[in-house]
There are 2 protein chains.
Amino acid sequence: MKISGRPTTEGSRGIKQKKEKLKNFLKEKGFKSTRQRDLIASEFLEMGEHVTAEELYREISKKYTDIGYTTVYRTLKLLNQSGLAAERVFADNLTRYEPLSAEDHHDHLICMKCGSITEFQDLRIERLQERVADEFGFVAVSHKMELYGYCRKCKDNA
Amino acid sequence: MKISGRPTTEGSRGIKQKKEKLKNFLKEKGFKSTRQRDLIASEFLEMGEHVTAEELYREISKKYTDIGYTTVYRTLKLLNQSGLAAERVFADNLTRYEPLSAEDHHDHLICMKCGSITEFQDLRIERLQERVADEFGFVAVSHKMELYGYCRKCKDNA
DNA sequence: AAGGAAATTGAAATTCATTTTCAATTAGAC
DNA sequence: GTCTAATTGAAAATGAATTTCAATTTCCTT
């Protein structure tokens with residue numbers, strides 16, 4: 001099992017690469033590269049967490065007062081379309097985004113007390129999911145798995 | 001693996017039992033038994049699917065024009081609290097409810113074309129989930145697992 | 001480099017499910 | 001039956017997500 005206790009913030013190399021990918025995506029689709037999109041993408045990739053549009057907007061507002069919420073929202077959608085971000089909705093019903101690297105599928109452990117989100121990957125589970133789908137004649141395209149409970153810290157000082 | 005291709009509608013025995021359980025829950029909590037709650041619970045248990053408040057309301061409106069949406073909504077919340085119903089949100093972001101029997105935990109296969117929802121249970125996956133949680137020092141309370149893809153029908157006549 | 005068509009921006013308005021409010025009604029304890 | 005607290009349902013409020021639209025910017029064409 002691949003462990004990543006806390007979503008890792010990308011080194012600047014990865015970020016540059018990803019911004020390049022975004023540019024390609026935009027050009028390909030006939031969209032335009034703008035100062036705003038560039039700044040929003042940078043900030044998003046640097047945060048490297050499961051952020052909401054709102055959170056990202058607040059962060060960006062600190063540095064750039066002229067970038068609106070709507071543009072942050074739309075840029076996150078764009079990042080999602082381009083495959084650079086994944087859109088996720090957990091039990092609190094807010095839409096969160098996380099940077100996505102090529103082959104890194106993972107699921108989440110969510111603490112019901114402190115709200116921390118921990119990522120994990122388990123190939124054994126993935127295989128079984130595939131098998132279940134097969135048994136129903138179902139072609140699985142994607143899945144969503146979240147374990148809710150209490151993290152090490154929160155279960156201890158309860 | 002337990003298979004239930006389509007959520008089964010309860011026999012009337014089960015429904016009576018559940019309505020009894022609801023009554024007990026209400027009394028216990030100092031809430032009142034009302035004609036509306038009774039009718040809404042009956043209709044809900046008979047439908048036995050993953051209904052939204054809206055759908056249930058529309059169904060009930062056909063028979064009883066004096067029951068309001070708000071009451072249906074609140075009764076579903078109540079059923080959820082009492083453990084008789086489970087609240088679920090899938091990718092379409094609507095809150096759905098399904099009758100819940102004591103020990104019947106299950107997950108869902110959701111067709112991205114026709115929207116059909118199929119239930120399944122797989123103990124091997126459950127065990128692995130427990131193990132993953134353990135490895136993170138996490139105490140799992142509940143989980144959510146959904147496989148999205150195309151059902152037998154939809155993948156065939158594509 | 002200038003022109004111009006098309007995309008983008010951001011504030012404000014809209015949507016839509018969900019949740020709350022409140023006055024009138026009802027359940028059920030005494 | 002009386003009384004008090006809970007319930008009801010229409011309407012209003014909420015709040016995140018999405019759309020609108022006029023002003024601005026990008027970038028393709030010349």
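Chain letters run A, B, ... following the sequence lines, proteins first and then strands; every chain starts at 1. Worth saying up front: this structure is predicted, and the values here are computed from it rather than measured.
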Counting side-chain heavy atoms from CB outward, which of [options] is closest to [X]?
X: B:R74; options: D:dA10, C:dT9, D:dA17; result: D:dA10
X: B:K32; options: C:dT19, D:dG9, C:dA27; result: C:dA27
X: A:R37; options: C:dT9, D:dT26, C:dT20; result: C:dT9

Reckon [X] has a side-chain N or O less than 4.0 Å from the OP1 or OP2 of [N]?
X: A:T95; N: D:dA17; result: yes
X: A:Y73; N: D:dT18; result: yes
X: B:T71; N: D:dG9; result: yes

Can you tell me how far [atom2] of [N] sits from [atom1] of [X], to the nearest Å?
X: A:K29; N: C:dA6; atom1: NZ; atom2: C1'; value: 17 Å
X: B:Y69; N: C:dA17; atom1: OH; atom2: C1'; value: 7 Å
X: A:L39; N: C:dT9; atom1: CG; atom2: P; value: 11 Å
X: A:D38; N: D:dC27; atom1: CG; atom2: P; value: 11 Å

Applying a 4.0 Å non-hydrogen cut-off, can you work out what [X] is touching in the nucleic acid: base, sugar-phosphate, or nothing?
X: A:S33; result: sugar-phosphate
X: A:D66; result: sugar-phosphate
X: B:K77; result: sugar-phosphate
X: A:F31; result: sugar-phosphate
X: A:T34; result: sugar-phosphate

First of B:Q36 and B:N93 reached from the 5' end of DNA chain D, by closest nucleotide: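 Going by which nucleotide is closer to the 5' end, it is B:Q36.
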
Nearest atoms (heavy-atom pairs only) where A:F44 meets A:L79: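 Of all heavy-atom pairs spanning A:F44 and A:L79, the closest is CD2-CD1, 3.7 Å.
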
A:H108 and A:H106 aromatic ring geometry - parallel, tilted or perpendicular at 30°/60° bounds: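 A:H106 and A:H108: perpendicular rings.
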
A:N80 side chain vs A:A85 backbone, donor-acceptor pair below 3.5 Å: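 Here the side-chain-to-backbone pair exists.
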
Pair A:R58 + A:E54, salt bridge at N-O below 4.0 Å: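 The answer is yes: the pair qualifies as a salt bridge.
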
Residue whose nearest DNA chain C nucleotide is more 5′ - A:L78 or A:T65: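 Of the two residues, A:L78 wins.
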
